[in-house]
Number of protein chains: 2
Amino acid sequence: MKLSATHQKFVIHFGEMGARWGMNRTVGQIYAVLFLSENPLCADDLVTALGVSRSNVSMGLKELQAWQLVRLQHQANDRRDFFSTPGDLWEIVRTLVDQRKAREIDPTLTILRELQLEDDFESSSEFAQERIQKTTEMIELLTQWYDEMRVVDSKRLEKLLKMGAAAQKVLDFKDKVTGKGGNS
Amino acid sequence: MKLSATHQKFVIHFGEMGARWGMNRTVGQIYAVLFLSENPLCADDLVTALGVSRSNVSMGLKELQAWQLVRLQHQANDRRDFFSTPGDLWEIVRTLVDQRKAREIDPTLTILRELQLEDDFESSSEFAQERIQKTTEMIELLTQWYDEMRVVDSKRLEKLLKMGAAAQKVLDFKDKVTGKGGNS
DNA sequence: CGTATATTTCAGTAATTACTGAAATTACAG
DNA sequence: CTGTAATTTCAGTAATTACTGAAATATACG
């Protein structure tokens with residue numbers, strides 16, 4: 001489990017990125033090593049690949065499992081735990097977005113809704129009330145959109161993304177026909 | 001600048017969220033106070049609202065300016081700096097995504113492209129090479145899509161989001177007509 | 001200029017987060 | 001059961017990040 005120069009750079013970069021994504025450097029690096037490995041790896045493989053303590057790897061793997069970003073599996077006649085990442089990149093993105101949504105967006109939506117139900121909400125300024133309400137609506141719209149998109153299968157999702165601009169042209173056309181102005 | 005109970009909760013929540021988004025608690029809280037305020041506020045308003053040091057507010061505001069999330073402006077006969085947040089929520093989301101893209105996605109794309117150009121790239125496993133290449137392609141597709149979407153004005157963007165599922169139906173229809181299978 | 005007010009910088013410290021090694025626990029083969 | 005290998009837990013420590021107060025710098029006005 002010695003890493004090539006390419007591997008090294010990839011791993012270091014994802015370590016830095018992992019730190020920005022609510023994990024930490026080691027977690028990001030563990031993920032990067034698993035991501036580039038064709039075969040599932042065990043904890044000691046990661047210890048030698050990254051040069052961190054066994055316990056650190058253990059905690060990192062636990063966190064990656066909590067994020068559902070790695071899969072635990074076993075091999076015949078071996079009682080060690082082996083880990084791998086999904087092969088479908090879109091599945092990975094979906095998991096990442098799901099998790100961040102669950103950790104950041106959903107709690108925010110909960111708080112915003114609670115605020116609006118509380119007695120003293122009315123005693124806030126009109127301005128603040130409206131901002132809170134509009135923010136709630138926007139987040140609801142975005143999450144609804146995402147909930148629709150997340151069930152689209154990978155091939156089709158790629159098509160939809162490529163359609164991006166084309167979809168807007170449908171609206172342009174509809175506006176023209178119905179006589180509604182193009183710009184708000 | 002004393003905050004109501006609703007304000008308090010909102011501010012505390014965005015402090016916690018700010019910490020997850022590469023800022024820190026104080027930065028998130030400063031932003032939350034500005035976001036709910038109808039009028040621009042000066043640094044000392046934020047000091048009293050949040051009970052943190054003047055220098056902390058100064059640093060927080062500087063970071064928010066680096067993120068382009070707040071706007072500095074002046075008032076007549078007052079040489080203090082006043083700050084406010086944009087009124088259009090979609091503009092705020094756009095700024096947030098732009099910034100995170102610039103800080104996370106773009107550098108990642110740069111690294112991935114560099115890796116593929118380097119001499120020893122070929123000496124990585126076929127598997128790793130392909131993963132790196134596919135990852136690059138996916139990120140490119142996503143950023144292209146976003147680049148198209150980010151210039152759509154707010155009203156229209158809402159329409160497009162609501163279209164989400166409808167857009168897929170266009171593909172369903174096309175597949176049916178052209179005889180291509182629905183699932184990949 | 002000089003003075004008053006506003007803002008920034010920065011060294012020191014506080015608080016938080018990450019990591020390690022040793023001990024405890026779990027899982028299983030004999 | 002007993003012994004061995006694998007994993008987890010956790011208290012202590014290292015490293016990082018956030019915050020403060022004091023000093024320095026900048027800005028505007030007479």
Got a list of side-chain donor-acceptor pairs under 3.5 Å for residues 32-47 of chain A, not counting sequence neighbours?
{"residue": "S37(A)", "atom": "OG", "partner": "N39(A)", "partner atom": "N", "Å": "3.4"}
{"residue": "S37(A)", "atom": "OG", "partner": "N39(A)", "partner atom": "O", "Å": "2.5"}
{"residue": "D45(A)", "atom": "OD2", "partner": "C42(A)", "partner atom": "N", "Å": "3.0"}

Enumerate, atom names and distances included, each donor-acceptor pair closer than 3.5 Å involving a side-chain atom of residues 82-90 of chain A, sequence neighbours excluded.
{"residue": "S84(A)", "atom": "OG", "partner": "Q73(A)", "partner atom": "OE1", "Å": "2.8"}
{"residue": "T85(A)", "atom": "OG1", "partner": "R131(B)", "partner atom": "NH1", "Å": "2.9"}
{"residue": "D88(A)", "atom": "OD1", "partner": "W90(A)", "partner atom": "N", "Å": "2.9"}
{"residue": "D88(A)", "atom": "OD2", "partner": "S154(A)", "partner atom": "OG", "Å": "2.8"}
{"residue": "W90(A)", "atom": "NE1", "partner": "E158(A)", "partner atom": "OE2", "Å": "2.9"}

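Residues meeting the salt bridge (Lys or Arg N to Asp or Glu O under 4.0 Å) test with D147(B), sequence neighbours left out: none. Remark: D120(B) engages no residue in a salt bridge (Lys or Arg N to Asp or Glu O under 4.0 Å) (not counting sequence neighbours). Listed by chain and residue number, R80(A) satisfy the salt bridge (Lys or Arg N to Asp or Glu O under 4.0 Å) test with D78(A) (two or more places apart in sequence, or in another chain). By the salt bridge (Lys or Arg N to Asp or Glu O under 4.0 Å) test, R54(A) pairs with no residue at all, sequence neighbours left out.
Of the residues in residues 66-76 of chain A, none has a non-hydrogen atom less than 4.0 angstrom from any atom of DNA chain C.
Residue pairs meeting the side chain to side chain donor-acceptor pair (under 3.5 Å) criterion with at least one member in residues 13-27 of chain B, sequence neighbours excluded, are E104(A)-W21(B), T108(A)-H13(B), T26(B)-N56(B).
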* Quick one: what's the B/S/- string for nucleotides 2-21 of chain C, heavy-atom cutoff under 4.0 Å, read 5' to 3'? -> --BBSBBB--------SSBB
